[in-house]
Engineer: 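Below are the structure tokens for one structure; questions will follow.
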Amino acid sequence: MPEATALDTDLPEVEERDPPVLDHEYDGIREFDNPLPGWWRMIFYGSIVFAVGYWIAYQLDWMKSPDQKYREDKVAYMATLDRDTAEIASSSEEQLIAGAHDSAIVERGQSIFVARCAMCHTPDGHGLVGPNLTDLFQLHGTTRLDLFTTIRDGVPTTAMQAWGPQLPATDVVALASFVSTLRGKNIPGKAPQGQPVPAFAP
């Protein structure tokens with residue numbers, strides 16, 4: 001047996017105690033009474049306090065439920081949709097003529113056209129799936145307002161979808177204004193479709 005060193009003799013003796021054991025027993029197995037860690041108990045008690053506060057807040061309508069928020073957002077959206085619908089309905093040939101001569105509106109319409117319409121009409125409008133928008137032929141109507149109506153309402157049974165429900169009213173006007181500026185550029189592309197129409201006045 002090794003001799004005790006000076007370091008060993010300097011250490012204080014620690015009294016060994018048996019851990020507390022609970023009274024119940026099952027199949028000869030007994031359970032130590034080890035307390036839960038403090039951090040665990042704090043989370044548990046905090047969860048109870050939060051749950052009570054959460055229940056009170058919603059029962060007293062201090063906070064809006066997801067269903068209430070959805071209903072309010074839907075009402076706001078429908079109001080915006082009604083306003084846009086009214087604005088679209090009030091569009092006129094004169095408004096589109098003014099838009100075609102406003103560089104900011106035309107640039108806005110062009111950016112929308114490239115993003116939404118180029119896949120069918122190509123970026124410069126010479127036609128692919130859709131008709132060539134730069135020649136002097138038009139499938140639906142003859143005026144700027146006819147172009148606007150086609151963009152807004154689409155053409156059933158064709159690839160031309162209705163953009164009115166999908167875009168703000170100002171974007172539909174800008175898009176129609178830009179498309180009207182393409183007529184008469186006569187960029188080589190898809191064969192003419194529709195009836196002959198005169199170029200729009202500059």
Side-chain angles (χ1 to χ4, degrees), residues 63-202:
M63 299 178 67
K64 296 177 182 177
S65 68
D67 182 63
Q68 289 174 314
K69 290 181 179 179
Y70 166 76
R71 292 178 185 278
E72 290 180 1
D73 289 345
K74 184 178 180 181
V75 169
Y77 169 75
M78 294 305 295
T80 301
L81 195 62
D82 290 342
R83 185 173 63 250
D84 283 351
T85 301
E87 187 172 344
I88 286 177
S90 66
S91 297
S92 64
E93 188 78 12
E94 291 71 24
Q95 181 184 9
L96 296 171
I97 292 173
H101 290 84
D102 187 318
S103 60
I105 292 177
V106 172
E107 287 177 11
R108 174 63 181 161
Q110 183 177 15
S111 66
I112 298 168
F113 183 88
V114 171
R116 305 273 186 163
C117 311
M119 65 183 70
C120 290
H121 295 283
T122 70
D124 62 5
H126 71 253
L128 188 62
V129 176
N132 188 337
L133 301 175
T134 70
D135 59 21
L136 294 177
F137 289 81
Q138 191 166 322
L139 275 170
H140 308 286
T142 61
T143 66
R144 286 183 171 90
L145 194 57
D146 291 326
L147 290 174
F148 172 84
T149 302
T150 302
I151 293 170
R152 180 192 65 190
D153 300 333
V155 181
T157 73
T158 72
M160 181 60 196
Q161 59 182 303
W163 291 108
Q166 302 182 54
L167 297 175
T170 52
D171 285 356
V172 178
V173 171
L175 186 54
S177 298
F178 167 72
V179 171
S180 73
T181 66
L182 297 177
R183 181 186 288 183
K185 289 188 175 182
N186 293 311
I187 300 174
K190 196 171 183 181
Q193 294 175 274
Q195 58 183 326
V197 291
F200 289 126

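From a predicted model like this one, the values you see are computed outputs, not experimental measurements.
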Engineer: To check you understand the geometry: which heavy-atom pair defines the closest contact between A201 and R144, and what is its length?
Structural biologist: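 Where A201 meets R144 most closely, the heavy atoms are O-NH2, 3.7 Å.
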Engineer: Would you list the pairs meeting side chain to side chain donor-acceptor pair (under 3.5 Å) in which at least one residue belongs to residues 184-197, sequence neighbours left out?
Structural biologist: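 Residue pairs passing side chain to side chain donor-acceptor pair (under 3.5 Å), neighbours aside: none found.
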Engineer: Considering only heavy atoms from C-beta outward, does the side chain of L136 approach that of P196 to under 4.5 Å?
Structural biologist: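 No - every pair of side-chain heavy atoms lies 4.5 Å or more apart.
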Engineer: Can you sort out the partners of Q161 under side chain to side chain donor-acceptor pair (under 3.5 Å), two or more places apart, ordered by chain and number?
Structural biologist: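 Expected list: Q166.
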Engineer: Return the set of residues passing side chain to side chain contact (heavy atoms under 4.5 Å, CB included) with Q68 (not counting sequence neighbours), or none when no residue passes.
Structural biologist: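 With neighbours one apart ignored, the set is D61, K64, S65.
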Engineer: If you round to the nearest 0.5 Å, how far is OG1 of T181 from NE2 of H101?
Structural biologist: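 It comes to 10.0 Å.
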Engineer: Applying side chain to side chain contact (heavy atoms under 4.5 Å, CB included), name anything that partners S111, two or more places apart in sequence or on another chain.
Structural biologist: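 Applying side chain to side chain contact (heavy atoms under 4.5 Å, CB included) to S111 gives R108.
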Engineer: Taking side chain to side chain donor-acceptor pair (under 3.5 Å) as the test, write out the residues that go with T143, two or more places apart.
Structural biologist: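 T143: side chain to side chain donor-acceptor pair (under 3.5 Å) contacts with D146.
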Engineer: How about L133 and C117: do any of their side-chain heavy atoms sit closer than 4.5 Å?
Structural biologist: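 Counting from C-beta outward, L133 and C117 never come under 4.5 Å.
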Engineer: Which residues satisfy the side chain to side chain contact (heavy atoms under 4.5 Å, CB included) test with I105, sequence neighbours excluded?
Structural biologist: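 Residues passing side chain to side chain contact (heavy atoms under 4.5 Å, CB included) with I105: D102, A174, S177.
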Engineer: With the side chain counted from C-beta on, respond yes when R116 and W163 share a heavy-atom pair under 4.5 Å apart, and no when they do not.
Structural biologist: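 Yes, close enough: below the 4.5 Å cut-off.
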Engineer: What's the shortest heavy-atom distance between V106 and A100, and which atoms?
Structural biologist: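 Closest heavy-atom pair between V106 and A100: CG2-O, 3.5 Å.
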Engineer: Which residue pairs satisfy the side chain to side chain donor-acceptor pair (under 3.5 Å) criterion with at least one member in residues 117-136, sequence neighbours excluded?
Structural biologist: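 Counting only pairs at least two positions apart or across chains, the side chain to side chain donor-acceptor pair (under 3.5 Å) contacts touching residues 117-136 are T122-D124, T122-H126, D124-H126, N132-T134.
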Engineer: For the atom pair CD1 (I187) and CG (L182), what is the distance rounded to the nearest 0.5 Å?
Structural biologist: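 Rounded to the nearest 0.5 Å, the CD1-CG separation comes out at 7.0 Å.
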Engineer: With sequence neighbours excluded, give me every ring pair (Phe, Tyr, Trp, His ring centres under 6.0 Å) pair touching residues 166-202.
Structural biologist: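 Applying ring pair (Phe, Tyr, Trp, His ring centres under 6.0 Å) to every pair that reaches into residues 166-202, excluding sequence neighbours, yields F113-F178.
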Engineer: Please list, chain by chain and in numerical order, all residues satisfying side chain to side chain contact (heavy atoms under 4.5 Å, CB included) with H140, sequence neighbours excluded.
Structural biologist: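 Checked H140 against side chain to side chain contact (heavy atoms under 4.5 Å, CB included); matches are T150, V155.
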Engineer: Can you give me the closest heavy-atom contact between F137 and G194, atom names plus distance?
Structural biologist: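 Looking at all heavy atoms of both residues, the shortest contact is CD2-O, 3.6 Å.
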Engineer: Stepwise, does the side-chain contact (heavy atoms from CB on, under 4.5 Å) test hold for M119 with L128?
Structural biologist: CA-CA 8 Å; M119 65 183 70; L128 188 62; over 6 Å; no
Engineer: Calculate, to the nearest 0.5 Å, the distance between atoms CD1 and OG belonging to I151 and S180 respectively.
Structural biologist: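 Here the interatomic distance stands at 8.5 Å.
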